[in-house]
Amino acid sequence: MSELGGLLPRDFYARAAHEVAPELLGRLLLREEEGPDGPLLLRITEVEAYEGAIDPASHGFRGPTARNATMFGPPGHLYVYWIYGMHHAANLVCGDVDESHGVLIRAGEVVQGRPRAIHRRPNAKQHTELARGPGRLTLALDIDRSLDGTDVCDPGAAVRVYRGTPLPASAVRSGPRTGVSKAHETPWRFWAADDRTVSPYRRHVPKKRAAQA
DNA sequence: TTACAGATGAACT
DNA sequence: GTTCATCTGTAAC
């Protein structure tokens with residue numbers, strides 16, 4: 001398909017996450033699938049940047065663990081983690097090896113393969129809800145920990161990122177990150193202006209107290 | 001619009 | 001052992 005515009009090269013990711021993040025808006029995330037229907041295609045509309053050792057909100061802040069090992073590897077790979085015991089979230093590893101920079105893919109618009117996304121997300125009332133939010137997005141695209149470490153620059157990979165049509169800077173908005181308890185003031189959430197597939201902002205819920213007996 | 005339950009892994013004491 | 005996390009669906013205001 002010509003609209004894909006070719007794979008984004010690894011160099012694209014080999015920069016600070018907050019530089020890469022806004023340039024990912026409008027790009028196309030391709031999810032390869034078995035069967036005759038061909039791949040799913042998602043146009044990225046919302047992302048958040050996390051920057052390793054200098055960013056207390058990043059999974060990489062306290063150093064490598066079994067879960068976040070992928071973040072400490074080379075850029076251009078997919079970091080998938082399991083959160084709150086019920087959702088997956090997908091990041092693209094940025095920066096250099098050991099820097100543990102990442103860009104969380106928060107939301108997007110399913111532009112191809114929509115019936116399959118609807119099948120996986122029966123609760124979605126409109127197509128704009130199919131991948132509106134990081135947990136919903138991974139559900140719609142059937143992304144889980146088995147895809148952790150996928151090289152999105154590899155033409156044969158199950159998940160890849162294509163150039164698509166990047167958003168002009170004038171159509172990019174930024175603000176505080178969602179659901180993050182630390183470094184809340186850092187405006188490293190980026191989204192496409194006036195796009196209905198962008199998730200609603202939810203500030204961090206300070207704490208959940210167990211009910212007193 | 002705001003608040004909370006829910007399930008699991010990882011970090012922390 | 002305890003606390004909390006890059007969240008979502010549902011319910012009460």
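We name chains A, B, ... by the order of the sequence lines, and we start the count at 1 in each one.
- Not counting sequence neighbours, the partners of Glu33(A) by the side chain to side chain donor-acceptor pair (under 3.5 Å) test are Arg116(A), Arg120(A).
- Counting only Watson-Crick and G-U wobble pairs whose two distances sit under 3.5 Å, DNA chain B takes part in these stems of three or more pairs: B:1-6 with C:7-12, B:8-12 with C:1-5.
- Using a 3.5 Å distance cut-off with no hydrogens or angles, the side chains of Thr45(A) and Asp195(A) do not pair a donor with an acceptor.
- For the segment residues 132-144 of chain A, residues with any heavy atom less than 4.0 angstrom from an atom of DNA chain C are, sorted by number, Gly133(A), Pro134(A), Gly135(A), Arg136(A).
- Using cut-offs of 30° and 60° on the angle between ring planes, the pair His18(A) and Trp188(A) is parallel.
- Of the inter-residue distances, the one linking Leu28(A) atom CG with Leu7(A) atom CG reads 11.0 Å to the nearest 0.5 angstrom.
- A pairwise comparison of heavy atoms in Asn68(A) and Gly60(A) identifies ND2-CA, 4.1 Å as the closest pair.
- The shortest heavy-atom contact between Ala107(A) and Ser199(A) is CB-N, 4.2 Å.
- For Arg121(A) and dC7(C), the CZ to P distance is 15 Å, given to the nearest whole Å.
- Scanning residues 13-27 of chain A for heavy-atom distances under 4.0 Å to DNA chain C yields an empty list.
- Here Asp151(A) does not pair with Arg160(A) in a salt bridge; the nearest charged N to carboxylate O distance is not below 4.0 Å.
- We find that OH of Tyr201(A) is positioned 15 Å from P of dT1(B), with the value rounded to whole Å.
- Within a 6.0 Å sphere centred on CZ of Arg196(A), other residues, nucleotides and ligands contribute 12 heavy atoms or fewer.
- Note on Arg106(A): only backbone sugar-phosphate atoms sit closer than 4.0 angstrom, heavy atoms only; bases stay farther off.
- Straight-line distance from the NE2 atom of His88(A) to the P atom of dA7(B): 16 Å, rounded to whole Å.
- A salt bridge between Arg121(A) and Glu129(A) is absent, with no side-chain N of the basic residue lying under 4.0 Å from a carboxylate O of the acidic one.
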Which protein N or O atoms sit under 3.5 Å from an N or O of nucleotides 10-13 of chain C?
none

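- Ion pair Arg177(A)/Glu48(A) not flagged as a salt bridge, since none of the NZ, NE, NH1 or NH2 atoms sits closer than 4.0 Å to an Asp/Glu carboxylate oxygen.
- Counting heavy atoms from C-beta outward, Leu78(A) and Asn91(A) have side chains that stay 4.5 Å or more apart.
- Atom CG in Leu147(A) sits 11.5 Å away from atom CD in Glu32(A) (nearest 0.5 Å).
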Which nucleotides of nucleotides 8-13 of chain B have their base under 4.0 Å from a protein heavy atom (B), which only their sugar-phosphate (S), and which neither (-), written as one string 5' to 3'?
B-SSS-

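- Looking at every heavy atom in both residues, Thr178(A) comes nearest to Tyr201(A) through OG1-CD1, 3.6 Å.
- Across every non-hydrogen atom of Leu104(A) and Pro134(A), the tightest pair is CD1-CB, 4.3 Å.
- Taking a cutoff of 4.0 Å between a charged side-chain nitrogen and a carboxylate oxygen, Glu23(A) and Arg15(A) qualify as a salt bridge.
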